[in-house]
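To start, the structure itself, in structure tokens.
Proteins get letters first, then strands, A, B, ... in listed order; numbering begins at 1 in each.
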Amino acid sequence: MTMQSPFTPSTSGTPACSDHLPVRAGLGLKPQHFTEILATCPDLGFFEIHAENYLVAGGPFHHALRRIRDHYPLSIHGVGLSIGADGPLDVAHLDRLAALLDRYQPQSFSEHLAWSTHGGLFFNDLLPLPYELSTLNRVCDHIDQTQEHLQRRILLENPATYLEFAASTLDEATFITEIIRRTGCGLLLDVNNAYISGVNHHRDPQAYIAALPLAAVEEIHLAGFAEDLDAAGAPLLIDTHGAPIAATVWELYAFTLDRLGPTPTLIERDNNIPSLAVLIAEARYAEELIRQSQRDQTEVAA
Amino acid sequence: MSNNTLTSTTLSAAALALALGSALALSTAPAVGAEMEKCFGVALKGKNDCAAGPGTTCAGTSKVDDQSNSWKHVPKGSCEKTASSTSPTGFGQLMAFTAKKKS
Amino acid sequence: MNDQALFAAALLDPDAPCPDGLTTWNGSDPARRFAVYRNNVIVSLIDALADTFPVTLELVGEAFFRAMAGIFVRRTPPRSTLLVDYGSGLPTFIERFEPAHPVPYLADVARLEMLRVRAFHAADADPLTLDQIAQALTDPERLPALRVTPHPSLGILSSRYAVVALWAAHQGLGALSDVDPYCPETALVVRAGLEVQVIALPPGGDTLITGFATGLTLGEAAAQATASHEDFDLTAHLTRLLRFGALSSLSLPTEIC
């Protein structure tokens, strides 16, 4: 099979319409931190926003983001495109995303391997997909369409899931590998999601990560989870982004950096949002691990 | 063009010039008397100046919603402080309500 | 129905069985795991409504609000991925929701809160400048025919209840027990700069602003507002609108100036 996408990762130079995120840690941008960020300009690698929260006409969100964008690289993370939906993509939504990307010129745009809309309704959650051929074809078509519409390479994020489908014929890593091979999109590796899905489906998260096409990873996400139990009393982890990053996820992150080398890393916190200082401390720790992986690589090279 | 009598009625240029001219002067003056502010015209801002509304999420939740269909709640918030004899129903009255089930 | 249609329908209906074809590694009942998705959808949307309607929530308490919002969410899930507008149908829902009837002003307080969120995210526009007004005053004969454009963020709510006082009491401005909720009030909501402002308008203010918004001339809107209430004070109303940046342009629509 040949790669048909015009968005095949290039081996020379950088993509035409974007720079890369710096190889540092960044934070999810939250309105409650706007004032402090603008007043103190904390030393962070980048900020990330949810695209849908900025698809509004004007007001304080755009006012703050314009000023923050002047000082920091930006990642725009979509949560509503519903790339896994069995219906067609919402072209009006793609148009709105294109306008937002044009306005803020982010270094990265990412979406999820999931669906969140059906029959004109929006569920505000990332819903799971069966990993089989017809789903693969549909997801690849939607990613091709998105990359063409937005005129850029997108990153696709691996999901946290609570269920599996009897219809699945491929494992998740194989499914993602095939998407990336066919569409030329990049991978946003959510290490917390990898850990959660590993626990929830009783699989080894390290083996999962090792099986992914790591050369395509351009960004890592880290977040916290909550613990629950399934009907048999087995652990069921919920991807809440509402707690500090767990020690086990930090370990898996270090394992990932070992394989991957230094990679831009986002600290995600969307619930129980603490003070900016608490999140900056997590970002500092991530940067310490990034530096460590840099040193390790240098030693190996020497 | 035929307008109805209401909309074709217009205030005179002289009256408008007086009102708009006065407004121009007054709007730049320091805020009017405290008593007037107390009644009308004072601008109020929300707590923490936050009126942003909701954001999207790409995360799940550990909060659990009781998805029962039976309705058992009564208003038990700050509205109780405004309860008055003019209140048509009064508070604390038990209301029975069952959400219609989807057929 | 296809798989996603069945999955979607079961998300919103707590009585629907867990969809077929779902598996778990340990053979445990997939319904328990499906409930995580169901819960994520409902709770995140209830949370979204709680963010838009904080005073509405405080008025009836969290348990009542969340239970009421849960019914609204299941009946009226969002049709847009832009959640900032989700909940615009909640005030009308509240009006028809029998258990909320002991708090008759609840729907209008919700309307005021929705206007605040709309104003927050509305398009930016410069308010009328003093120079523009001074310029208009140099040719008084043209004043009656001027069109006045309200600021894009402007919203107005005429209520049979004391919506502004009720809302203000929840911002720490005045004691709620001192508010007579049955005193009618008109609220003006506007965001000329970065902060949404809520202003109580004296009688006639809604007529004046609605006149501007519906394309009446300055002369026509002022005449209607004057006729609407015997104490209508045009100077005071215009002063207030200018002070809060509630107007964004004056123009002669048909002539080239």
Would the distance check show the side chain of A:Asn53 and the main-chain N or O of B:Thr56 forming a donor-acceptor pair, the cut-off being under 3.5 Å? yes
With chain A, which of B:Gly60, B:Ser62, B:Gly55, B:Pro54 has the greatest number of heavy-atom pairs at distances under 4.5 Å? B:Gly60
Please flag which part of B:Thr61 lies under 4.5 Å from any non-hydrogen atom of chain A: side chain, backbone, both or neither. backbone
Approximate separation, where rounding is to 0.5 Å, of A:Leu126 CG and B:Cys58 SG: 6.5 Å
Measure distances from A:Phe225 to the heavy atoms of chain B and classify the residue's part below 4.5 Å as side chain, backbone, both or neither. neither
For a 4.5 angstrom cut-off between non-hydrogen side-chain atoms, does A:Asn124 reach B:Thr57? yes
Checking A:Asp228 against chain B: side chain, backbone, both or neither under 4.5 Å from a heavy atom? neither
Pair count under 4.5 Å, heavy atoms only, with chain B: among A:Glu157, A:Glu227, A:Glu268, A:His50, highest is A:His50
